[in-house]
Enquirer: 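I'd like to ask you about the structure that follows.
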Number of protein chains: 2
Amino acid sequence: MKEKKTSPYHHGNLKEALLKTALEMIDREGLDAITLRDLTQRLGTSRTAVYRHFASKEVLILGVIEKGYEQLDLLFTPIFQDRTRSVAERFETMGRAYLDFAVEHPNLYRLLFGEKFRREREEICDYKNETQANGLYALIGLLLEAQEEGIVARENPMVQAATVWASIHGLASLLIDGHLLMSDNIEAIYEYSQGMLLKGLR
Amino acid sequence: MKEKKTSPYHHGNLKEALLKTALEMIDREGLDAITLRDLTQRLGTSRTAVYRHFASKEVLILGVIEKGYEQLDLLFTPIFQDRTRSVAERFETMGRAYLDFAVEHPNLYRLLFGEKFRREREEICDYKNETQANGLYALIGLLLEAQEEGIVARENPMVQAATVWASIHGLASLLIDGHLLMSDNIEAIYEYSQGMLLKGLR
DNA sequence: CATATAATGTTAGCATTGTCAACATTATAT
DNA sequence: ATATAATGTTGACAATGCTAACATTATATG
């Protein structure tokens, strides 16, 4: 399929390759560690080839962010929408999947849910963080279902969703940023959190 | 008091001035925005004067972090220890003060509770994040008091503290990092969070 | 098919920034 | 009083993002 000639002048699919490799590098080494020179060298092109596809390093990163959200979407949507499982089950599974993702991909998690390029995400790309919004809406949907079942109080689901998300995001952040020193208790903390959330939402 | 001569060769108190100004700059413009050249220029010294007091930029930042924790301590300790107020009141006031600090000093908040230099904080300085630990211990103490009063279940207070901290940290982070778009609802979200926490802890 | 034009890639070089080495000036101690 | 330590300065280097000018390949249009 792919011609493996000794580096042809035109890469063929450099844009996608840049996004893919950049995402991998960020995932592995963190946002601050990646360098355009390093990135391009791994792809066998010259350092400025990036600029034929992205206006700047920042714009490239914005592409990576978009790609990251898409991957998250692929991961989470099935869990949310698995109607074969009870609301409580989906809630539990979802929380665990979210935490697992953060722990397994801390650098990527920070990129997606951190502060960097916040303004630019909405200015340059106008996809308005669709996926992230999707995630919130999915959570709101789940909470509405839970309200139907009577296991969650009938209050503003947006406020509830924000509260739930904040709880889990806080736990994920403290964990991957090394602020919870009693790491062996993670499981206990997570279970307590879940229980407290369910109890508090009732 | 201070001699305002036309820049004497020796600054007199450069180390403290560096820490103070660096903290102000980080608070205002964020960690990534500060530059040793910029910093030293504002203090009227040459760019490399820093290295007579700090081994590197990173070590300087570690000093700023320490200073930041001290300031936080000064701000929070009185609230925790104000025995004239009920446990519930202190809990409420504390949460609000914490959130206020994050919103008013987002860059500083990210520096103190973010990921950067995590390892180095414990390797180089050996103060072991005393203040942060102090904060957690103070919260644990408050929870123990609350357990005495019967408004919080008698379970592992460390786990409870981590859960509470995660909730509020998550809310603060999502807020200052721009992930909660319905910014007008912040107050509602915060109040709901507090209520949910108290209910869930019971 | 031929060739003009767009797309894509390369090399050279600049500005910024952290850092080091060598040197200069001031404070402190003996 | 002067040797030594403390503190500050200048010059330079390497890494990095980026621009300009040029080179090569693909695509389209006659």
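Just so we're on the same page: letters track the sequence lines, and every chain starts at 1. Just so it is clear, the structure is predicted and the values come from calculations on it, not from any experiment.
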Enquirer: What is the distance from CG of N13(B) to P of dA27(C), rounded to the nearest Å?
Expert: 14 Å
Enquirer: Under 3.5 Å, is there an N or O donor on one side and an acceptor on the other linking the side chain of T48(A) and the base of dT11(C)?
Expert: yes
Enquirer: Between dT10(C), dG18(C), dG8(D), which one does the side chain of R52(B) approach most closely?
Expert: dG8(D)
Enquirer: Starting the side chain at C-beta, find the nucleotide from dG8(D), dG17(D), dT19(C) nearest to R37(B).
Expert: dT19(C)
Enquirer: Assign the ring pair Y98(B) / F113(B) to parallel, tilted or perpendicular, where the plane angle (0 to 90°) is split at 30° and 60°.
Expert: tilted
Enquirer: Begin from the C-alpha positions of D73(A) and T77(A) and carry the test side-chain hydrogen bond (donor to acceptor under 3.5 Å, both in side chains) through to its verdict.
Expert: CA-CA 6 Å; D73(A) 215 8; T77(A) 303; 2.9 Å; yes
Enquirer: Provide, to the nearest angstrom, the distance between the CD atom belonging to Q41(B) and the P atom belonging to dG8(D).
Expert: 17 Å
Enquirer: Look through every strand shown and name the nucleotide pairing with dA12(C) as Watson-Crick or G-U wobble, where both distances are under 3.5 Å.
Expert: dT19(D)
Enquirer: Could you walk me through whether E115(B) and K116(A) pass the salt bridge (charged side-chain N to carboxylate O under 4.0 Å, His left out) check?
Expert: CA-CA 13 Å; E115(B) 144 235 12; K116(A) 294 282 176 58; over 6 Å; no
Enquirer: Quickly work out the L39(A) CG to dG17(D) C1' distance and round it to whole Å.
Expert: 13 Å
Enquirer: Rounding to a whole Å, what distance do you find between L60(B):CG and dG18(C):C1'?
Expert: 12 Å
Enquirer: Counting Watson-Crick and G-U wobble pairs only, both distances under 3.5 Å, name the nucleotide matched with dT28(C), or none.
Expert: dA3(D)
Enquirer: Rounded to the nearest angstrom, tell me the gap between atom CG in D38(A) and atom P in dA14(D).
Expert: 19 Å
Enquirer: Can you figure out which of dT19(C), dG9(C), dC18(D) approaches the side chain of Y51(A) most closely?
Expert: dC18(D)
Enquirer: Could you please name the option among dG18(C), dG9(C), dC20(C) that lies closest to any side-chain atom of H53(A)?
Expert: dG9(C)
Enquirer: Rounded to the Å, how far apart are F54(A) CZ and dT8(C) P?
Expert: 11 Å
Enquirer: Kindly say if T35(B) contacts the phosphate of dT17(C), meaning a side-chain N or O under 4.0 Å from OP1 or OP2.
Expert: yes
Enquirer: Hey, what's the ring geometry for F101(A) with F76(A), parallel, tilted or perpendicular (30° and 60° as the breaks)?
Expert: perpendicular
Enquirer: Can you tell me the distance, in whole Å, between the CG atom of L36(B) and the P atom of dA15(D)?
Expert: 19 Å
Enquirer: Of all heavy-atom pairs between I79(A) and A97(A), which one has the smallest distance, and what is that distance?
Expert: CD1-CB, 3.6 Å
Enquirer: Choosing from dG8(D), dA12(C), dG18(C), which nucleotide comes nearest the side chain of S46(B)?
Expert: dG8(D)
Enquirer: What nucleic acid atoms does I34(A) come within less than 4.0 Å of, heavy atoms only: base, sugar-phosphate, or nothing?
Expert: sugar-phosphate
Enquirer: Between the base of dG11(D) and the side chain of R47(B), is there any donor-acceptor pair under 3.5 Å?
Expert: yes
Enquirer: Given atom CD of E16(A) and atom C1' of dT8(C), what is their separation to the nearest angstrom?
Expert: 16 Å
